[in-house]
S.K.: 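For reference, the structure I am asking about is given below.
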Amino acid sequence: MTDDERLRQKMMTAVDEETMQYAQTISKEFAKLIVYYKCAMLEVQTRFTVLNEEFALEHGRTPVNSIKTRLKTLPSIREKMERRSIPFSFEAMENQLNDIAGVRVICAFPEDVNTMANAFLKQDDIVLLQKKDYITNPKPNGYRSLHLIIAIPVHLADGKRMTKVEIQIRTIAMDFWASLEHQLRYKRANEFTPEMAQELYECAQLSAALDNRMDDLRRNVHKYNNPTDGV
Ligand code: GTP
Ligand code: MG
């Protein structure tokens, strides 16, 4: 090996090590951030589970049908930031993305959506950052759901950190429509003709009508069986 070759090899190794170290630091920092989001998500899930248990004790039925959680992956975080022309940094990721941690609370009846949202938001360590009520004002395509962006404290060994979580609260009927519409869109890859969009919109109306009928029925059943109750 000539001196020149030796030097080149040395440089290559040096660069590689530096890159490796950099990559390790980055992934450690990223992993730590993700742990905060994961804990915040679990905390939110637990709070809704507790509210559900308490409601069941009091009223003899469970308003929460199921809870789903999901963490955004790094590729999906990068894709969203690129789509929004946000240069990638951990700071930008934390400040500009609200849905790295997501919790979906699926309720039985429309009234349960508000009951659960209000009981959760009343907790004194929860900070409400944004509320979008697509139930009172559905999206033009018919989508209904209550969206909350909140911050919740996460306590780790080296301190407390307020961490953002996106919460979607919806009924089984709202979730049924949203899940199937999402499948038909297939990650934005599929387009709809105006007729298809209209058909989807009408299905959303049907699901809203079904929700209202079931809510009326719930009220009537309650009244019939508890004639002295004001509700
Ligand atoms: P992103 O879509 O996540 O960038 O957020 P946004 O700022 O548009 O917020 P929005 O609250 O409108 O939507 C957030 C999430 O709600 C989405 O990521 C979906 O999970 C869900 N969502 C919103 N609109 C629709 C819809 O038309 N159909 C379905 N299936 N889900 C929707
Ligand atoms: Mg999203």
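Numbers here simply count residues along the sequence, with the first being 1. Start at 1 and go down the list; that is how both ligands and their atoms are numbered.
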S.K.: If the cut-off is 4.0 Å to any non-hydrogen atom of Lys132, which atoms of ligand 1 fall inside it?
M.R.: 6 (P), 7 (O), 9 (O), 10 (P), 11 (O), 12 (O)
S.K.: Can you pull out the closest protein heavy atom to atom 28 (N) of ligand 1? Residue, atom name and distance to 0.1 Å, please.
M.R.: Glu181 OE1, 2.8 Å
S.K.: Could you tell me if Arg78 sits above the aromatic ring of Phe88, with its cationic atom closer than 6.0 Å to the ring centre and no more than 45 degrees from the axis?
M.R.: yes
S.K.: Between Asn52 and Val64 (side chain of the first, backbone of the second, donor and acceptor by atom type, cut-off under 3.5 Å), is there such a pair?
M.R.: yes
S.K.: Looking at atom 3 (O) of ligand 1, what's its closest protein heavy atom, distance included?
M.R.: Lys80 NZ, 2.9 Å
S.K.: Are any non-hydrogen side-chain atoms of Leu128 and Ile126 less than 4.5 angstrom apart?
M.R.: no
S.K.: Can you tell me if Asn225 uses its side chain to pair, donor with acceptor, with the backbone of Val221 under 3.5 Å?
M.R.: yes
S.K.: Could you list the atoms of ligand 1 found under 4.0 angstrom from a heavy atom of Ala178?
M.R.: 30 (N)
S.K.: Please confirm whether Glu166 comes within less than 3.5 Å of ligand 1 when only nitrogen or oxygen atoms on both sides are compared.
M.R.: no
S.K.: With heavy atoms under 4.0 Å as the rule, classify the contact between Arg84 and ligand 1 as side chain, backbone, both or neither.
M.R.: side chain
S.K.: Between Asp99 and Gly102, is there a donor-acceptor pair closer than 3.5 Å when you use the side chain of the first and the backbone of the second?
M.R.: no
S.K.: Flag atom 8 (O) of ligand 1 as yes if some protein heavy-atom distance to it falls below 4.0 Å, otherwise no.
M.R.: no
S.K.: What atoms in ligand 1 come closer than 4.0 Å to a heavy atom of Asn141?
M.R.: 26 (C), 27 (O)
S.K.: Which protein N, O or S atoms lie under 2.8 Å from the Mg ion (ligand 2)?
M.R.: Asp99 OD2
S.K.: For the residue pair Arg170 / Gln168, report whether a side-chain donor-acceptor contact shorter than 3.5 Å exists.
M.R.: yes
S.K.: So which protein heavy atom does atom 23 (C) of ligand 1 come closest to, and at what separation?
M.R.: Lys139 NZ, 3.5 Å
S.K.: When you check the gap from the basic side-chain N to the acidic O, do Glu166 and Lys72 get nearer than 4.0 Å?
M.R.: no
S.K.: At a non-hydrogen distance cut-off of under 4.0 Å, which region of Asn98 contacts ligand 1 (side chain, backbone, both, or neither)?
M.R.: neither
S.K.: Backbone N or O of Lys223 within a donor-acceptor pair of the Asn226 side chain at under 3.5 Å?
M.R.: no
S.K.: Could you check whether Gln96 and Arg84, counting side-chain N and O atoms only, form a donor-acceptor pair closer than 3.5 Å?
M.R.: no
S.K.: Would atom 11 (O) of ligand 1 count as contacted, meaning some protein heavy atom under 4.0 Å?
M.R.: yes
S.K.: Distance under 4.0 Å to a non-hydrogen atom of Asp99: what atoms of ligand 1 satisfy this?
M.R.: 3 (O)
S.K.: Once the angle between the rings of Tyr143 and Trp177 is folded into 0 to 90°, is it parallel (under 30°), tilted (30 to 60°) or perpendicular (over 60°)?
M.R.: tilted
S.K.: Of all residues at least two apart in sequence or in a different chain, which pass the side chain to side chain contact (heavy atoms under 4.5 Å, CB included) check with Phe176?
M.R.: Leu180
S.K.: Please give me the minimum heavy-atom distance between Arg144 and Ser207, naming the atom from each residue.
M.R.: NH2-OG, 3.1 Å
S.K.: Of all the non-hydrogen atoms in the protein, which one sits nearest to atom 13 (O) of ligand 1, and at what distance?
M.R.: His147 CE1, 3.7 Å
S.K.: Under 3.5 Å between some N or O of ligand 1 and some N or O of Arg83?
M.R.: no
S.K.: What heavy-atom pair brings Leu51 and Phe120 nearest, and what distance separates the two atoms?
M.R.: CD1-N, 3.8 Å
S.K.: Which residue from Tyr143, Tyr134, Trp177 reaches closest to atom 32 (C) of ligand 1 through any of its heavy atoms?
M.R.: Tyr143
S.K.: For atom 20 (O) of ligand 1, what's the nearest protein heavy atom and its distance?
M.R.: Gln168 NE2, 3.1 Å
S.K.: Any Lys/Arg nitrogen of Asp216 or Arg213 sitting under 4.0 Å from an Asp/Glu carboxylate oxygen of the other?
M.R.: no
